[in-house]
A.B. asks: 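The structure under discussion is supplied below as structure tokens; questions concerning it will follow.
Letters A, B, ... mirror the listed sequences (proteins, then strands); counts begin at 1.
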Amino acid sequence: DVKVTQSSRYLVKRTGEKVFLECVQDMDHENMFWYRQDPGLGLRLIYFSYDVKMKEKGDIPEGYSVSREKKERFSLILESASTNQTSMYLCASSFPADGAFFGQGTRLTVV
Amino acid sequence: RKEVEQDPGPFNVPEGATVAFNCTYSNSASQSFFWYRQDCRKEPKLLMSVYSSGNEDGRFTAQLNRASQYISLLIRDSKLSDSATYLCAVKGFSGGYNKLIFGAGTRLAVHP
């Protein structure tokens, strides 16, 4: 079974904090993705990576950065958390032409 | 215009009904297509891939219409357990890289 693991299910952070969300997959997938999901807005792509050390902006990259130093790990960084970044964050991974598998999600609240 | 669009629903259907969802996409260079199911407060789960020749898995049938740029999902003999949100996803090259974009989802409620 494919396993995509996100480091936390729930997280509460203060405005201005630097926040790290970690994601690890065990299927040797080249592609990894970070999305956020908000009611009425669906899944929006923040960043994706098609290989180690490679990254591309998605549709809403502002306020975020990513790191992919190893193939199995893709980290999302909120440089200075703001209340409008309160959301469900979902990591996914896939082979290039295939559908993606998701982690269980991290519900982040910024206060 | 959004890259991937779906009717948000909800679709309220009785058990045993047949229900169909459509999803349109704007990028004609899109290469791969998928349907996902998402239960409340859970992560999306891959339901099926959509091939040019169509794809059937039990009560679920997915089809692709490249000319009109839409994919569809048909659920026959609906069960209570089919109640969920169904997301379509489109993968295609964007700037040379595989980008996976989702629709906002269609909610299905199956009632007794």
A.B. asks: Which region of B:Q6, side chain (C-beta onward) or backbone (N, CA, C, O), has a non-hydrogen atom less than 4.5 Å from a non-hydrogen atom of chain A, or is it both or neither?
C.D. replies: neither
A.B. asks: Report, as yes or no, whether the 6.0 Å neighbourhood of atom CD on A:Q6 holds more than 12 heavy atoms from other residues, nucleotides or ligands.
C.D. replies: yes
A.B. asks: Tell me, side chain or backbone of A:R44 under 4.5 Å from chain B's heavy atoms, or both, or neither?
C.D. replies: neither
A.B. asks: Grouping I, L, V, M, F, W and Y whenever their side-chain heavy atoms are under 4.5 Å apart, do B:L47 and B:V19 come out in a common cluster?
C.D. replies: yes
A.B. asks: Would a 4.5 Å heavy-atom cut-off, applied to side chains only, mark B:P44 and A:L43 as touching?
C.D. replies: yes
A.B. asks: Working to the nearest 0.5 Å, report the span between CD1 of B:I101 and CZ of A:F33.
C.D. replies: 9.0 Å
A.B. asks: Are A:Y35 and A:V66 co-members of a hydrophobic cluster defined by side-chain heavy atoms under 4.5 Å apart?
C.D. replies: no
A.B. asks: Are A:V52 and A:M54 co-members of a hydrophobic cluster defined by side-chain heavy atoms under 4.5 Å apart?
C.D. replies: no
A.B. asks: Apply salt bridge (charged side-chain N to carboxylate O under 4.0 Å, His left out) to the pair B:K2 and A:D59, showing each step before the final yes or no.
C.D. replies: CA-CA 11 Å; B:K2 290 183 181 176; A:D59 298 321; over 6 Å; no
A.B. asks: Is there a ring-ring contact (aromatic ring centres under 6.0 Å, His included) between A:F102 and B:F102 once you walk through the steps?
C.D. replies: CA-CA 13 Å; A:F102 282 84; B:F102 284 80; 5.6 Å; yes
A.B. asks: With chain B as the partner, which of A:M88, A:E30, A:Q37 has the greatest number of non-hydrogen pairs under 4.5 Å?
C.D. replies: A:Q37
A.B. asks: Using side-chain contact (heavy atoms from CB on, under 4.5 Å) as the criterion, list what pairs up with B:D82, not counting sequence neighbours.
C.D. replies: B:R37, B:R59, B:F60, B:I75, B:S78, B:K79, B:Y86, B:L108, B:V110
A.B. asks: Please determine, among B:V4, B:L100, B:L87, the option with the most heavy-atom pairs under 4.5 Å with chain A.
C.D. replies: B:L100
A.B. asks: Are A:L41 and B:Y25 connected in a single hydrophobic cluster, I mean Ile/Leu/Val/Met/Phe/Trp/Tyr linked by side-chain heavy atoms less than 4.5 Å apart?
C.D. replies: no
A.B. asks: For a quick test of reading the model, state the closest non-hydrogen atom pair linking B:S32 to A:A97 and the distance between them.
C.D. replies: OG-O, 3.1 Å
A.B. asks: Can A:V24 be reached from A:I46 by stepping across I, L, V, M, F, W or Y side chains whose heavy atoms are under 4.5 Å apart?
C.D. replies: no
A.B. asks: How about NZ on A:K57, more than 12 heavy atoms from neighbouring residues, nucleotides or ligands closer than 6.0 Å, or not?
C.D. replies: no
A.B. asks: How close do A:D98 and B:F34 get, heavy atom to heavy atom, and via which atoms?
C.D. replies: C-CZ, 3.3 Å
A.B. asks: I'd like to know whether B:K42 forms a side chain to side chain contact (heavy atoms under 4.5 Å, CB included) with A:Q104, so could you lay out the CA-CA distance, the side-chain angles of the two residues, the decisive distance to 0.1 Å, and finally the verdict.
C.D. replies: CA-CA 7 Å; B:K42 297 277 195 173; A:Q104 77 277 29; over 6 Å; no
A.B. asks: Might you work through the side chain to side chain contact (heavy atoms under 4.5 Å, CB included) test for B:K91 and A:N31, ending with a clear yes or no?
C.D. replies: CA-CA 11 Å; B:K91 193 177 244 189; A:N31 294 169; 3.7 Å; yes
A.B. asks: Which residues in residues 50-58 of chain B have a heavy atom less than 4.5 Å from any heavy atom of chain A?
C.D. replies: none
A.B. asks: Check whether B:Y36 gets within reach of chain A through its side chain, its backbone, both or neither, counting any heavy atom under 4.5 Å.
C.D. replies: side chain
A.B. asks: Heavy-atom pairs under 4.5 Å with chain B are the metric here; pick the option from A:G105, A:G42, A:P96 that has the most.
C.D. replies: A:P96
A.B. asks: Name the region of A:F95, side chain, backbone, both or neither, that has any atom closer than 4.5 Å to a heavy atom of chain B.
C.D. replies: backbone
